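Atom set for the values below is all heavy atoms of this structure, side chains included, hydrogens, waters and symmetry mates excluded. Note that the coordinates shown come from a computational prediction; the quantities given were computed from them, not determined experimentally.
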Amino acid sequence: MYKQRIFIQVSPMLTKLFHSSTKETKHLYLCALSHILHWLPKQVLLSEIPTLLPLLVQSLSCEETNLQLSTLETFYSLTHDVPKIISQYVTSLVPRYSHLAQDAPSLKIRCMSLKCLGVLTVLPHHEVYPYKKQVIQSLAKCLDDQKRLVRKEAVQCRNEWFLLGSAAE
């Protein structure tokens, strides 16, 4: 219960401070919020997700690697839990996942963004199918990555996107 209580007390403050802060300090509030969400029970998180999702999407654009990794892990689990809400943000998530998969300096972030990109295929077909060609083309750079783990995740992700729209579904 203490995790839920802390979240309920701190979340409105962090959101308010985020909106009133300068550009240089916004990532600090996003980082605090993202780390709180990481340890929050799923039942509490699912009830608050519509208000927090815009902030989480914005946190993928920050340069802080811990923030990006924590946010990607949150998005990965949320895609399975609340696909209807995540499908509303597909237009902003696909380019950010692709960018992180290609250009992130951290191996963990590249792998996690590829996992998140691959799990988007479980969303409703009409929401993700328009991005199929774009995603497959962006994964070409990841297939030539210097790290084997990234190449492996890129192959799995690309396979999931190739199978999107096949007759087997």
Side-chain angles (χ1 to χ4, degrees), residues 27 30-31 33-169:
H27 76 281
L30 290 174
C31 191
L33 186 65
S34 179
H35 288 298
I36 289 173
L37 293 178
H38 187 69
W39 299 108
L40 193 65
K42 282 225 193 257
Q43 297 83 7
V44 179
L45 177 62
L46 295 179
S47 66
E48 296 291 325
I49 204 63
T51 58
L52 297 175
L53 212 54
L55 297 175
L56 289 174
V57 170
Q58 198 169 11
S59 68
L60 289 175
S61 299
C62 293
E63 296 297 321
E64 180 84 23
T65 57
N66 290 332
L67 172 62
Q68 288 175 343
L69 188 60
S70 177
T71 305
L72 286 170
E73 290 170 352
T74 303
F75 270 120
Y76 184 77
S77 66
L78 285 177
T79 305
H80 290 292
D81 296 333
V82 285
K84 290 183 180 181
I85 296 175
I86 296 292
S87 65
Q88 297 172 359
Y89 292 92
V90 169
T91 56
S92 57
L93 289 176
V94 168
R96 291 181 187 186
Y97 288 163
S98 297
H99 173 71
L100 288 174
Q102 294 173 6
D103 300 325
S106 170
L107 168 75
K108 291 180 181 179
I109 292 175
R110 290 195 309 263
C111 287
M112 197 64 203
S113 61
L114 286 168
K115 285 181 183 180
C116 289
L117 198 57
V119 80
L120 285 180
T121 58
V122 302
L123 297 178
H125 183 269
H126 67 279
E127 297 284 338
V128 293
Y129 189 77
Y131 300 101
K132 180 178 179 177
K133 184 177 180 183
Q134 174 189 350
V135 170
I136 290 173
Q137 287 176 349
S138 71
L139 289 174
K141 184 177 178 184
C142 299
L143 293 172
D144 291 333
D145 197 273
Q146 62 186 5
K147 296 292 185 177
R148 182 180 55 85
L149 291 173
V150 175
R151 292 192 305 265
K152 179 183 173 189
E153 288 296 332
V155 167
Q156 290 175 351
C157 179
R158 192 170 187 215
N159 189 27
E160 290 173 14
W161 279 91
F162 268 128
L163 295 176
L164 184 69
S166 66
E169 293 180 10

Has the side chain of [X] got a donor or acceptor atom that lies under 3.5 Å from a matching backbone atom of [Y]?
X	Y	answer
E64	H27	no
S59	L56	yes
R151	D145	yes
K132	L164	yes
W161	L117	yes

Do [X] and [Y] touch side chain to side chain, with heavy atoms closer than 4.5 Å?
X	Y	value
L114	Y97	no
F75	V57	yes
L78	L53	yes
V128	V94	no

### Task
Rounded to the nearest 0.5 Å, what's the gap from CG on L143 to NZ on K152? Could you check?
14.5 Å
### Task
To the nearest 0.5 angstrom, please state how far the CD1 atom of I109 sits from the CG atom of D103.
12.0 Å
### Query
In this structure, which one of K108, Q102, R110 forms a side chain to side chain contact (heavy atoms under 4.5 Å, CB included) with V150?
R110
### Query
Is the H80 ring parallel, tilted or perpendicular to the Y76 ring (thresholds 30°, 60°)?
perpendicular
Nearest non-hydrogen partners of [X] and [Y], listed with the distance:
X	Y	answer
L30	L55	CD2-O, 3.5 Å
V135	S138	O-OG, 2.8 Å
L67	C62	CD2-CB, 3.7 Å

### Message
Applying side chain to side chain donor-acceptor pair (under 3.5 Å), can you list everything that pairs with S34, at least two apart in sequence or on another chain?
### Response
S70, T71
